[in-house]
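Within every chain, numbering begins at 1; the chains are lettered A, B, ... in the order of the sequence lines, protein sequences first and strands thereafter.
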2 protein chains.
Amino acid sequence: MDTTSEVRVCWDANAYLAQCPSRTVLSAIADKWTCLLVDALSDGPMRFGELRRRLDGITQKSLTQTLRDMERDGMLTRTVYPTIPPKVSYELTDLGRSVTRLMAGIKVWAEQHADEIVAARHLYDARAGQEPLPVTTTPR
Amino acid sequence: MDTTSEVRVCWDANAYLAQCPSRTVLSAIADKWTCLLVDALSDGPMRFGELRRRLDGITQKSLTQTLRDMERDGMLTRTVYPTIPPKVSYELTDLGRSVTRLMAGIKVWAEQHADEIVAARHLYDARAGQEPLPVTTTPR
DNA sequence: CGGTATCCGCTGCGATACTG
DNA sequence: CAGTATCGCAGCGGATACCG
């Protein structure tokens with residue numbers, strides 16, 4: 001019989017393990033919008049409209065959703081000013097600020113290696129076009 | 001008439017811009033599986049099965065797809081040993097190795113702040129349950 | 001062992017319309 | 001201005017089956 005009915009769930013945090021909370025956290029922050037939002041807010045509070053204009057191509061829905069998720073995770077605070085028209089300001093918390101360097105690093109890496117990666121993709125796609133004959137040429 | 005039929009596409013890389021190649025690159029690397037794969041491979045080549053076991057919870061399909069995408073992007077090489085049974089080894093390229101520190105940083109951050117974020121989520125969700133509060137907070 | 005192929009349910013996301 | 005609500009589709013990821 002199992003005398004300890006409670007399952008042991010507190011290992012050391014290890015994002016390789018599917019059931020570890022850090023895996024969920026990793027899923028949450030490993031996202032392009034989260035990365036850009038953290039970076040955009042690293043210089044100080046910004047309003048909803050400012051963020052929407054800065055993150056070119058983001059839809060209102062995605063921006064709202066990502067901001068809500070980050071607020072829920074304690075990465076940023078949402079402050080509503082009951083003015084007319086309404087004004088909502090978003091600001092990183094200490095937790096959010098603690099990841100700004102990493103996010104900026106990811107963003108800069110993407111920018112610095114974009115050309116290299118685009119070239120690699122073209123090369124790969126070109127090779128795929130003239131690949132040696134597939135062994136099984138009989139789909140049915 | 002437009003004498004310059006070619007659109008100007010080479011600004012300075014800026015991931016905030018939807019049409020900038022770096023945005024696509026950011027989308028590609030800001031992914032939990034990519035992060036974990038880069039980290040797992042940072043110590044040297046690994047076989048498909050080793051990776052599958054290490055990245056707990058990943059499906060064969062997702063692993064194959066993510067590895068293919070990374071190979072296409074020039075982040076890693078895929079080597080097939082025509083033995084029986086087959087053996088396939090994956091190894092980071094210089095490009096892939098150049099991002100290992102950042103990826104490890106993201107992973108470690110997730111692990112170190114998991115508890116804090118889980119707590120924030122519970123707090124947020126608890127508030128949501130009992131927040132019929134009107135506009136009370138009035139930070140001028 | 002290391003894949004590929006196929007089906008398929010879920011949700012992520014865009015587009016649109018409406019509101020305090 | 002900063003949302004919420006709703007619809008509809010595409011794509012992702014899971015499950016399963018099969019192959020070299």
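- Residue B:Ile84 contributes atom CD1, which lies 15 Å from atom C1' of C:dG3 at whole-angstrom precision.
- Closest to the side chain of A:Pro86, out of D:dA17, C:dC1, D:dC1, is D:dC1.
- In this entry the distance linking CD of B:Gln60 with P of C:dT4 reads 9 Å, nearest Å.
- Between the CG atom in B:Leu41 and the CE atom in B:Met103 there is a gap of 12.0 Å [rounded to 0.5 Å].
- Dashed line: the shortest gap from a side-chain N or O of A:Arg68 to OP1 or OP2 of D:dT4 is under 4.0 Å.
- In terms of phosphate contacts, B:Arg47 brings no side-chain nitrogen or oxygen within less than 4.0 Å of OP1 or OP2 of C:dC1.
- Considering only side-chain atoms of B:Val88, the nucleotide from C:dG3, D:dG3, C:dC7 that sits closest is C:dG3.
- Spacing between atom CG of B:Leu63 and atom C1' of C:dG3 amounts to 11 Å, rounded to whole angstrom units.
- Atom-to-atom distance recorded for B:Leu36:CG and B:Ile58:CD1 is 8.0 Å, nearest 0.5 angstrom.
- Closest to the side chain of B:Lys61, out of C:dG2, D:dG3, C:dC7, is C:dC7.
- Summarising the geometry, the separation between CG on B:Asp56 and P on D:dG14 is reported as 12 Å, rounded to the nearest angstrom.
- Closest approach of A:Pro45 to A:Glu91, counting heavy atoms only: CG-CD, 3.6 Å.
- Map A:Ser62 and A:Pro85 each onto its nearest nucleotide of DNA chain C; the residue landing nearer the 5' end is A:Ser62.
- For B:Asn14, the CG atom sits in a packed shell: over 12 heavy atoms of surrounding residues, nucleotides or ligands are nearer than 6.0 Å.
- Between A:Ile58 atom CD1 and D:dG3 atom P there is a gap of 12 Å when expressed in whole angstrom units.
- A salt bridge links B:Asp94 with B:Arg97: at least one charged nitrogen is closer than 4.0 Å to a carboxylate oxygen.
- Side-chain N/O atoms of B:Thr59 include none lying less than 4.0 angstrom from OP1 or OP2 on D:dG13.
- In this structure, A:Gln65 atom CD and D:dA2 atom P are separated by 18 Å, rounded to whole Å.
- Rounded to whole Å, the distance from CH2 on A:Trp33 to C1' on C:dG12 is 13 Å.
- Using a 4.0 Å heavy-atom cutoff across all strands shown, B:Arg52 reaches no nucleic acid atom at all.
- The residue B:Tyr81 sits apart from the nucleic acid: no heavy atom pair falls under 4.0 Å.
- Rounded to a whole Å, the OH atom of A:Tyr90 is 8 Å from the P atom of D:dA2.
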